[in-house]
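Report on the structure given below.
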Amino acid sequence: MPEKFWLMLFVLISVLVHPFMAHSQEQQRVKTFETACNTYLFIHEDGKTALIIDPGTQSQNLEEFIKTDELTIVGILNTHGHGDHISANAHYAKIYNVNVYGHPGDERGYINKLEAHRPTKWLSTKDETLVIGNFEIKVLNTPGHSQGSVGFLIDN
């Protein structure tokens, strides 16, 4: 009976403490900012460069984080061309002077009021590996949600 008690206590403590211990250096490299959809900031292991992924709208929190951490933005990635994922492309491309990467399967999505948010670099229609700054990014074509849906495998 005492062994069972200690085992249950250990499991309970592990479950309660895990969220505080689980923040490894690797997990801290991805920051999420609430915008029209979630916008992600992927920070390179060097702690100096980063990619913006799916800037749905402008985010003062994102911009302040980049400034405070003295990050250099090296590119913007779009997982697909829907407005809630691309509507701040032009803003961030201009202030950080970087390219926007998107898939041509969603080219029709970048029309009318979203024309300004078109990618400046089109991804391949086949899986490919990009090098942007010091990031190695495997682009995986995953059409379904949209014709130009892609996933990114960054630094393995």
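Excluded from the calculations below are hydrogen atoms, water molecules and symmetry mates; all remaining heavy atoms, backbone and side chain alike, are included.
Here the OH atom belonging to Y92 is positioned 6.5 Å from the CD1 atom belonging to I52, to the nearest 0.5 angstrom. Here the straight-line distance linking atom CD1 of I132 with atom OG1 of T49 works out to 11.0 Å at 0.5 Å rounding. The structure places NE2 of H85 at 10.5 Å from CG of D106, a figure rounded to the nearest 0.5 Å. For the atom pair OG1 (T39) and CG (D84), the distance works out to 9.5 Å, reported to the nearest 0.5 Å.
In this structure the side chain of K48 never reaches within 4.5 angstrom of the side chain of L71, judged on heavy atoms. Counting heavy atoms from C-beta on, the side chains of P55 and I76 come closer than 4.5 Å. A 4.5 Å side-chain heavy-atom check between L51 and I154 finds at least one atom pair inside the cut-off.
With sequence neighbours excluded, the residues that form a side chain to side chain donor-acceptor pair (under 3.5 Å) with N89 are N78. Annotation: side chain to side chain donor-acceptor pair (under 3.5 Å) contacts of S149 (sequence neighbours excluded): S146. With sequence neighbours excluded, no residue forms a side-chain contact (heavy atoms from CB on, under 4.5 Å) with N97. For the side-chain contact (heavy atoms from CB on, under 4.5 Å) test, residues two or more places apart in sequence or in another chain that qualify with H91 are Q58, E63, I95. Every residue was checked against the side-chain contact (heavy atoms from CB on, under 4.5 Å) condition with T68, not counting sequence neighbours, and none meets it. Every residue meeting the side chain to side chain donor-acceptor pair (under 3.5 Å) condition with Q60, not counting sequence neighbours, appears here in chain and number order: E64.
Shortest non-hydrogen contact noted between F65 and L41 is CD2-CD2, 3.5 Å.
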Using the side chain to side chain contact (heavy atoms under 4.5 Å, CB included) rule, take I66 and Y96 through it: C-alpha gap first, then chi angles, then the decisive distance, then the call.
CA-CA 10 Å; I66 291 167; Y96 298 117; 3.5 Å; yes

Are D54 and N38 close enough, and set up right, to give a side-chain hydrogen bond (donor to acceptor under 3.5 Å, both in side chains), and what steps lead you there?
CA-CA 7 Å; D54 287 345; N38 285 334; over 6 Å; no

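Residues V139 and V30 fall within the same hydrophobic cluster, defined by Ile, Leu, Val, Met, Phe, Trp and Tyr side chains chained together at heavy-atom separations under 4.5 Å. The hydrophobic clustering, which links ILVMFWY residues whose side-chain heavy atoms are closer than 4.5 Å, places L153 and I137 apart.
For the pair E128 and K138, the salt-bridge criterion is not met [side-chain N within less than 4.0 Å of a carboxylate O].
Applying the ring-ring contact (aromatic ring centres under 6.0 Å, His included) rule to pairs touching residues 136-156 yields H80-H145, H82-H145, sequence neighbours excluded.
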Below 3.5 Å, can you tabulate the donor-acceptor pairs from side chains in residues 98-105 to any protein atom, sequence neighbours excluded?
from : atom 1 : to   : atom 2 : distance (Å)
N99  : OD1    : T120 : OG1    : 2.9
H103 : ND1    : G105 : N      : 2.8
H103 : NE2    : N141 : OD1    : 2.7

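A donor-acceptor pair under 3.5 Å is formed between the side chain of H117 and the backbone N or O of S87. Of the possible polar contacts, none joining the R29 side chain to the F42 backbone as a donor-acceptor pair under 3.5 Å is found.
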